[in-house]
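Right, one structure below, let's go through it.
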Amino acid sequence: MIQNVSRSRASGPQQRTSRASGTAGFVKKERSAHHGAVRRAPTKQTSKHNERFLPSEGVQLKFIPLGGLEEIGRNCSYFEYGNEIVIVDVGIQFPEEATPGVDFIIPNVSSLENRKKDIRAIILTHGHFDHIAAIHYLIEKLGNPPILTSPFTKAIVEKRHEEFPNAPKLNFITVKNGSKIPISEHLTADFFSVGHTIPEALGFILNTPAGKMVNFGDFRLDIDANGKPTNLDIFYRLAEEKIHSIFIDSTNSDSPGFSASERVVEENLNNILKNARGRVIIATFSSLVDRLLAIIKTAYQLGRKVAINGRSMKNNLDIAKQLGYFKEVKDQIIPLEDVNKFPDEKIIVLTTGAQGESNAGLMKIVSGEHKSIRLKEHDTIVFSSSVVPGNERSVQFLQDNIARQVDEVYNSKFLDIHASGHAHREDIKLILEIIKPKFVIPIHGYYFKRKSLIKISREAGMSSEQVIMMDNGEVAEVTENTFKITQEKVPSSYVMVDGLGVGDVEEVVLRDRLNLAQEGMVVAVIAIDRRSNRVLKNPDIISRGFIYIKENQEMLEEIRRKIRAIISRMPANQEIDADYLKTLIREQIGQFLYTKTKRRPMILPVVIEL
């Protein structure tokens, strides 16, 4: 079983040699695991450990989701059996309109911080940021347990971890299709491949005393050019395993039919590339590695050079090349600076920024800020991605701007040039019909989408009671024949990453930011004689985002009169309490402005005692 040993913050050769004998044994076993053997990290148990490790009678398996059940992103959950905990994914959520100024939102792991010694492993299902990118912020709080994941996902995590020099060195155990890993005394993981938009996406069976739990991660069925599902062997094998519960991706559960075929997408992209008069600029997610590789292959067949615009896209392609997913033809991929050295009809540009991000590669091209590429009228722009909920306005603005500059703009509404990596309604129904689990737990999606699983399950011959609708922070107890949500809850609120700060942006800060954005602010600067407690000069009033000062002089003068009146009622023979005075000004001026305007700007009194 995996032994959760303590690790120092040191990295490099010193850390590795400090466990020389254990490391050598681990490397040897890791190699054998890639040839189908059961892999075990080295153990060094003591009687004390064994005594603590044995669960008491009556222990039940628990499942606790910390994120991903009420949003898109922040995917993180854990299974708990006595003193044995396995975490599944540690992802980020991108900011929303309600979180201005925030870079990322990460899972709240406060329920696990005092149980570091019990965390046996973290399983990362695949390399998309909504499943892996919070690991760098939280790994130390979780005690730096072993991370079980595929070589491709490991490479992505390691590459990004270079940006966190103060974080501890990560401890990986690489797994692949067919790997069987004893995680602890009662928990074992069997891994299998699933179809997604990134190489080496994995699902797993978690063997527990309560039964077999299956998590597919993000997945879709393999659909042929005729719209028929293929490669269903793994699902029929799971049917033979008598699965207790399936934890299933619900992102596209409300989308009718089967998933779109990637083969159709590739064919349509090929047709666009063949018929384009000039350069073709394709915007997509940097994480859609399979799509990127297919485009590069087609470009070679058509005699076009490929330029990559976007650091994350370059990194992912470098990882794919290092792991043997494609062999780059000499001079096939060219630097961006060389784009203008070739005829336009010989160029394809792959770029990030399909979501209208202001600092991404495509926006810089469109706005004319890119140092190497300017749009030309005969360019063809292709959006080979879906629009992430919440980005509709920025994407529409970007497409409008492009349409003013070029003749040809394609997106997935006009043509099948994007296939989602998430299972559609019929994909999910077919899987349930094949596997026939005891319970289905919809994960990865808003409540509306997850609730679609109830109807899908009924159509697949199951009852509504077999679909367990959980929310973030709820605790479920699982026995051989039950899956019950308890009254217990753990913290699952947003933890915001804002610049270098992690968790220091609380709800009150967001509320202030939203208030400033919606209502504006009024600053009142008052100079007071500390001896007489009288106003030395007329208060200065500054407005930002509330009213236009030049057109509201009468209102400003009324604010000044009210401030002077408040101060005049203060006792002249005792020292003014500045905080009390600010509170009075804030409350009374706030009420006055609401009466006048029906708006509540933020009031910031500044009292200067001279």
Side-chain angles (χ1 to χ4, degrees), residues 65-78 87-113 122-142 144 147 149 152-164 166-167 170 196-198 201 217-218 249 251 285-289 310-313 315-316 352-355 357-360 385-386 388-391 421-422 443-446 472-473 491-506 509-510:
L66 298 178
L69 269 62
E70 299 167 32
E71 59 272 311
I72 298 295
R74 203 167 62 111
N75 295 289
C76 185
S77 59
Y78 63 95
I87 300 172
V88 182
D89 289 330
V90 191
I92 62 171
Q93 177 185 348
F94 290 100
E96 307 167 333
E97 288 185 6
T99 55
V102 170
D103 297 325
F104 305 115
I105 304 166
I106 62 177
N108 186 332
V109 297
S110 57
S111 62
L112 293 170
E113 288 185 45
I122 297 173
I123 296 174
L124 299 181
T125 57
H126 65 283
H128 285 157
F129 276 19
D130 58 334
H131 289 258
I132 65 169
I135 196 80
H136 318 285
Y137 302 103
L138 299 176
I139 191 65
E140 192 166 13
K141 292 184 177 182
L142 298 173
N144 199 11
I147 299 172
T149 195
F152 194 90
T153 303
K154 173 191 173 188
I156 291 178
V157 174
E158 285 183 323
K159 184 66 177 178
R160 190 165 186 264
H161 203 62
E162 293 173 2
E163 302 173 15
F164 297 80
N166 295 321
L170 301 177
H196 195 39
T197 55
I198 192 169
D218 287 359
D249 173 10
T251 306
F285 298 114
S286 63
S287 58
L288 298 184
V289 178
R311 182 168 66 98
S312 58
M313 190 174 283
N315 289 341
N316 288 346
T352 56
Q355 300 302 306
E357 305 99 313
S358 59
N359 60 342
S385 62
S386 58
V388 174
N391 291 343
H422 303 276
I443 59 173
H444 201 300
Y446 297 109
N472 295 331
S492 62
S493 57
Y494 282 1
V495 175
M496 267 71 75
V497 177
D498 189 358
L500 297 177
V502 178
D504 53 0
V505 176
E506 301 291 346
V509 177
L510 289 179

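The analysis underlying the following values was restricted to heavy atoms, covering all of them including side chains, and did not include hydrogens, waters or symmetry mates. This structure is a prediction, so every number in the text was calculated from the model and none was measured.
Using a 4.5 Å heavy-atom threshold, the side chains of I87 and L66 count as separate. The side-chain heavy atoms of I443 and S77, taken from C-beta on, include no pair separated by under 4.5 Å. Contact check for V109 versus V90: no side-chain heavy atoms found under the 4.5 Å cut-off.
Annotation: side chain to side chain donor-acceptor pair (under 3.5 Å) contacts of T149 (sequence neighbours excluded): none. Evaluation of the side-chain contact (heavy atoms from CB on, under 4.5 Å) rule for A133 yields I92, F129, R160 as partners, not counting sequence neighbours. Judged as a side chain to side chain donor-acceptor pair (under 3.5 Å), and not counting sequence neighbours, the contacts of E163 are R311. S492 pairs by the side-chain contact (heavy atoms from CB on, under 4.5 Å) definition with N472, not counting sequence neighbours. Every residue two or more places apart in sequence or in another chain that forms a side-chain contact (heavy atoms from CB on, under 4.5 Å) with T251 is listed here: I72, D249, H422, H444. Annotation: ring pair (Phe, Tyr, Trp, His ring centres under 6.0 Å) contacts of Y78 (sequence neighbours excluded): none.
Here E158 contributes atom CD and T153 contributes atom OG1; the two are 11.0 Å apart, rounded to the nearest 0.5 Å. To the nearest 0.5 angstrom, E71 atom CD is 8.0 Å from Y446 atom OH.
Taking the six-membered ring where the residue is Trp, H128 and H126 present perpendicular rings, their angle passing 60° and hence far from 30°.
Side-chain contact check for H131 and D218: at least one donor-acceptor pair (N or O, by modelled atom type) lies under 3.5 Å.
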